[in-house]
Every structure is written in structure tokens, then in C-alpha cells.
2 protein chains.
Amino acid sequence: MTTRRSELTRQAARLFAAKGYHGTSIGDLAEAMGVQKGSLYAHISSKQDLLYETMAEGARAFHAGLDAIPDEAPATEKIRLALRSHLQVVADQLDVATVFVQEWRYLEGERREEIVGERRRYEERIRALFREGRDLGELRTDLDDATAALLVLSAVNWAYTWLQRGRDTVELADRFYSLLVDGMRGYATPRTS
Amino acid sequence: MTTRRSELTRQAARLFAAKGYHGTSIGDLAEAMGVQKGSLYAHISSKQDLLYETMAEGARAFHAGLDAIPDEAPATEKIRLALRSHLQVVADQLDVATVFVQEWRYLEGERREEIVGERRRYEERIRALFREGRDLGELRTDLDDATAALLVLSAVNWAYTWLQRGRDTVELADRFYSLLVDGMRGYATPRTS
DNA sequence: ACTGCACACCCTAACGATCGTTAGGGTCGA
DNA sequence: TCGACCCTAACGATCGTTAGGGTGTGCAGT
């Protein structure tokens with residue numbers, strides 16, 4: 001059942017992504033719902049609610065992607081899957097991902113701290129993959145895991161600006177993986193599919 | 001001579017970076033200038049002016065960085081210098097770079113098209129470096145220059161979120177370069193300083 | 001040296017519009 | 001009869017912008 005409430009959060013994500021949190025008025029949201037603006041307050045208690053829920057959904061989706069990566073896989077394989085997962089989340093929920101990445105600073109109060117914490121936790125999980133890859137000898141021993149994670153996270157955090165639904169996201173993720181792990185100079189080790 | 005006008009654009013960049021364009025009011029700007037809000041209109045004719053000027057300054061700075069790269073250098077060296085240059089601009093003009101990267105969509109009218117065009121031109125210049133590197137045999141022959149440029153531009157476009165003045169930006173740029181060109185798996189070819 | 005005047009700069013006060021939010025009441029199906 | 005849903009009407013606040021008037025400083029002409 002698609003409730004009216006969830007439809008509202010969907011529209012909120014869409015408009016916040018397109019015009020920004022401060023650039024989207026309650027009136028805009030009401031118009032998108034085909035309703036008078038006062039009527040929205042039967043569903044929410046403030047505009048901030050909608051921002052928070054979009055952010056929380058983003059955090060959930062990104063973490064869930066990492067959760068699906070098998071523990072026993074080699075670190076480099078985990079990194080490849082993490083890249084796929086992240087880009088897939090962005091492609092599948094472009095609005096949510098866009099808001100998650102660039103509107104978090106408009107969250108207020110402790111909800112903001114909560115989301116910032118989720119972000120940091122996610123980054124730490126990525127960084128751990130590189131640490132693991134280096135310590136297990138899959139990646140070069142002089143690898144700085146902080147710099148490596150920074151590079152990868154930067155790359156994918158920007159993805160919302162150019163990713164489009166329908167493109168082959170998985171293949172793009174693997175291309176990124178190949179460039180990052182094997183480099184642009186040397187030849188890639190051939191991979192299966 | 002530091003005019004009152006240029007002080008205003010500086011403050012605008014600072015506030016737009018910190019709170020966003022729509023999150024910054026004319027009143028905020030006036031307060032930062034120690035002045036009544038109506039007084040600002042002796043210097044500008046609209047709030048959009050300030051946004052546009054910040055964006056134009058950003059475009060100018062990024063392009064100027066690339067202009068300083070010698071034509072006769074090897075393509076890989078140009079890429080390294082481009083990375084340095086970009087991160088240096090971000091570090092030196094953090095506010096301007098931040099606004100340039102994330103507030104451009106609030107520009108209206110043809111000024112928006114102008115800035116978007118400058119952005120695209122910049123991206124094309126980066127992409128040309130990878131094309132050159134591949135065609136001249138410095139980079140792997142199967143390199144997709146579009147993907148490579150996307151990866152690098154994504155990485156540096158995110159830089160404003162974590163770069164801090166005072167950090168050794170040049171060294172960080174070179175580390176990124178090493179990871180990207182030599183990869184995370186293989187060993188880097190030793191380089192001079 | 002004195003005057004006059006342009007100019008940069010700032011003020012107060014208000015404008016119409018729009019903002020997020022609230023109050024109170026109405027309609028409909030389960 | 002309850003709950004989900006929507007309405008109209010208004011609230012106080014804040015928004016970007018304008019109008020009109022007031023300083024002071026420095027430079028021109030005499």
C-alpha cells in the first residue's frame with residue numbers, strides 16, 4: 001500500500017534534490033501533492049521532518065549496500081563490490097542520494113549529529129577495506145588507507161551529478177575499480193566478466 | 001586598495017559557502033558588513049550579482065591553474081600538475097571553490113549557461129590530458145579517457161569538503177596522482193621529489 | 001586658501017511578496 | 001464513530017528590494 005505519507009517523502013526527496021532544501025517551499029511540496037499547503041501538516045510536524053527522513057533513508061540504503069558484501073571475500077573483491085553497491089544506490093535512488101550528499105548541512109539539532117555520525121561510520125567502513133587489503137598483502141604495502149579511502153569516497157560522492165538511471169552502473173563501477181586498483185599506466189589484470 | 005565592494009563579494013563567498021545561497025539572507029550579508037541591509041544596494045543591484053561574481057571568480061581561478069601548465073611537458077606530468085593546481089585552488093580559495101561546486105544551480109538566466117559552459121570547458125581540458133596520455137603511449141592503450149576524467153574530476157570536485165588550509169596540498173595531490181596512475185595494487189615507479 | 005560639488009557610503013522606513021506554521025472545521029469510507 | 005484526509009483563512013516573521021535623505025572626504029576651479 002502506497003500511503004499518502006510516503007508519497008510526500010518521495011516528492012520531498014525529488015524537490016529537495018532538484019531545487020535544494022531552502023529552495024523548496026512548503027507551497028511547492030503542496031502543489032506537487034495537489035493539495036493546499038496547510039494540509040501537509042496532517043502528515044508532518046515540520047519541513048525539517050522531510051529532510052531528516054530523506055537523509056535517514058539515504059544512510060540506511062548506503063549501509064545496507066555494504067552489509068550485503070560477504071565477509072569471506074578477498075579485500076580487493078570487497079572493494080569492487082563496495083564500489084558497485086555505492087553507485088547502484090546512487091543510480092537507484094538518485095534523489096535520495098543527492099539530498100544525502102549535499103543537503104545534510106541544513107539539518108538542525110541532534111538529528112544532524114546523528115546523520116553526520118552515520119556518514120562517518122560509512123566512511124570508516126570503506127577505509128577498513130583498504131586497510132584490510134594492504135595488511136593482507138593484496139594492495140601495495142605502502143598504501144595510505146586514509147588517502148585511498150578519501151580518493152574513492154570523493155569519486156563516488158560526486159556520482160550523483162552525472163549518474164543516470166538506465167546506464168550500466170555495474171560496468172562503470174568495475175571500470176572505476178580497474179582504474180583505481182590497476183592504475184592508468186599499467187595493464188589491467190584480465191578479469192572475468 | 002581594498003574597496004568596500006570587494007569586501008562584500010568576499011563576505012558573500014564566505015556566507016554562501018557556509019550556509020548556501022538560499023540559506024544566506026541579505027540581512028546576513030549586511031550584518032557581516034556591519035551595515036543596514038538596504039545599504040548593500042549601493043554596491044549591487046541584486047543578490048544574484050554576488051552569486052554570479054563568486055562563480056565567475058571560481059571559473060577564472062580553475063582555468064588559470066591549467067593555463068600555467070607547460071605545453072611541452074609529458075601528458076602524465078601535465079596530469080600531475082593539473083591535480084596539484086586544482087587542489088591548490090580549492091585550498092587557497094576554499095569559499096569560492098565551495099560555492100563554485102555546489103551553488104551553481106541557483107544561478108538564473110544566461111549567467112547560468114555561461115558558468116555551466118565554463119565548467120564543461122574545464123572538464124574537457126582535463127579529459128584532453130588523458131586522451132593525450134593514451135595516444136602518446138604514456139597511459140594504457142585501452143584507457144577510456146571519459147571514464148578516467150570522470151574519476152579524477154569527481155575526486156577533486158569533492159575536495160572542498162575535506163581540504164583544509166595549511167595541510168600540505170601539493171603532497172596530497174601527488175599521492176592522488178600516484179594512486180591513480182600507478183594503481184593501488186602494483187608498486188609505484190619511483191619518482192624524483 | 002576657500003568654495004563647491006561629485007562621489008562613495010550609510011541611514012531609516014517601508015513596500016509587497018512569500019515563508020513555515022496553526023486553528024478550526026468539513027468530508028468521506030471503514 | 002473513528003481516523004485519514006483535505007479545506008479556508010489567517011498568523012507573525014522574514015524575504016529581497018526600493019525610495020529618499022544624510023553624512024563625510026577629496027578634488028576641481030578660482
Side-chain angles (χ1 to χ4, degrees), chain A residues 1-56 95 99 102-112 115, chain B residues 1-56 95 99 102-112 115:
Chain A
M1 176 192 50
T2 157
T3 74
R4 204 78 172 107
R5 173 63 212 256
S6 64
E7 166 75 7
L8 176 56
T9 56
R10 249 194 56 237
Q11 295 288 343
R14 189 176 63 84
L15 289 174
F16 290 166
K19 319 204 298 172
Y21 177 70
H22 283 306
T24 303
S25 71
I26 291 285
D28 292 335
L29 282 165
E31 188 180 0
M33 294 290 288
V35 139
Q36 296 299 317
K37 64 176 181 169
S39 305
L40 294 186
Y41 286 82
H43 306 293
I44 58 171
S45 65
S46 81
K47 189 182 168 190
Q48 275 272 317
D49 285 2
L50 292 171
L51 180 58
Y52 171 72
E53 270 169 49
T54 304
M55 303 289 303
D95 294 335
V99 174
Q102 52 177 354
E103 306 292 325
W104 64 269
R105 50 198 184 129
Y106 302 125
L107 263 183
E108 297 160 8
E110 54 187 47
R111 289 167 155 187
R112 176 184 176 136
I115 296 296
Chain B
M1 174 193 48
T2 157
T3 75
R4 204 78 171 106
R5 172 64 212 255
S6 63
E7 165 76 5
L8 176 56
T9 57
R10 251 194 56 237
Q11 294 289 342
R14 189 176 63 84
L15 288 174
F16 290 166
K19 319 205 297 172
Y21 177 70
H22 283 306
T24 303
S25 71
I26 291 285
D28 293 335
L29 283 165
E31 189 180 359
M33 295 289 288
V35 140
Q36 296 299 316
K37 64 177 181 169
S39 306
L40 294 186
Y41 286 82
H43 306 291
I44 58 171
S45 65
S46 80
K47 189 182 166 188
Q48 275 272 315
D49 286 1
L50 292 171
L51 180 58
Y52 172 72
E53 270 168 49
T54 303
M55 304 288 303
D95 294 336
V99 174
Q102 52 177 353
E103 306 292 324
W104 64 268
R105 53 200 181 126
Y106 302 125
L107 262 183
E108 296 160 10
E110 54 188 47
R111 288 169 155 187
R112 178 186 174 135
I115 296 296

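Residue numbering restarts at 1 for every chain, and letters A, B, ... go by the order of the sequence lines.
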Apply the test side-chain contact (heavy atoms from CB on, under 4.5 Å) to residues L50(B) and L29(B): give CA-CA distance (whole Å), side-chain angles for both, the deciding distance (0.1 Å), then the verdict.
-> CA-CA 10 Å; L50(B) 292 171; L29(B) 283 165; 3.7 Å; yes
Would you mind telling me which of dC19(C), dT22(C), dA14(C) lies closest to the side-chain atoms of Y41(A)?
->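 Minimum distance to the Y41(A) side chain belongs to dT22(C).
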When rounded to the nearest 0.5 angstrom, what is the spacing between [atom1] in [X] and [atom2] in [Y]?
{"X": "K47(B)", "Y": "Y41(B)", "atom1": "NZ", "atom2": "OH", "answer": "8.5 Å"}
{"X": "M33(B)", "Y": "R4(B)", "atom1": "CE", "atom2": "CZ", "answer": "3.5 Å"}
{"X": "T9(A)", "Y": "I44(A)", "atom1": "OG1", "atom2": "CD1", "answer": "10.5 Å"}
{"X": "R5(A)", "Y": "R10(A)", "atom1": "CZ", "atom2": "CZ", "answer": "14.0 Å"}

Between dT14(D) (P) and H22(B) (NE2): distance, integer Å |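 After rounding, the reported distance stands at 19 Å.
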d(NZ, K37(A); P, dA10(D)) in whole Å |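 Whole-Å distance recorded here is 13 Å.
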Grab the stems for DNA chain D, please: at least three consecutive Watson-Crick or wobble pairs, both distances below 3.5 Å, written as range with range.
->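 Stem segments, range with range: C:1-14 with D:17-30, C:16-19 with D:12-15, C:21-30 with D:1-10.
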Could you list the protein-to-nucleotides 7-10 of chain C atom pairs, N/O on both sides, closer than 3.5 Å?
{"residue": "dC10(C)", "atom": "OP1", "partner": "R4(B)", "partner atom": "NE", "Å": "2.7"}
{"residue": "dC10(C)", "atom": "OP1", "partner": "R4(B)", "partner atom": "NH2", "Å": "3.1"}
{"residue": "dC10(C)", "atom": "OP2", "partner": "H43(B)", "partner atom": "NE2", "Å": "3.3"}

What heavy-atom pair brings Q48(B) and Y106(B) nearest, and what distance separates the two atoms?
->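 Shortest heavy-atom separation between Q48(B) and Y106(B) comes out as NE2-O, 2.8 Å.
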Phosphate contact (dC15(D) OP1 or OP2) by S25(B) side-chain N/O below 4.0 Å =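 Indeed, a polar side-chain atom of S25(B) lies that close.
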Could you go step by step and tell me if T24(B) and D28(B) meet the side-chain hydrogen bond (donor to acceptor under 3.5 Å, both in side chains) rule?
-> CA-CA 6 Å; T24(B) 303; D28(B) 293 335; 5.2 Å; no
Evaluate the side-chain proximity of R105(A) to Q102(B): yes if any heavy-atom separation is below 4.5 Å, no if none is.
->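 With C-beta onward as the side chain, the pair touches.
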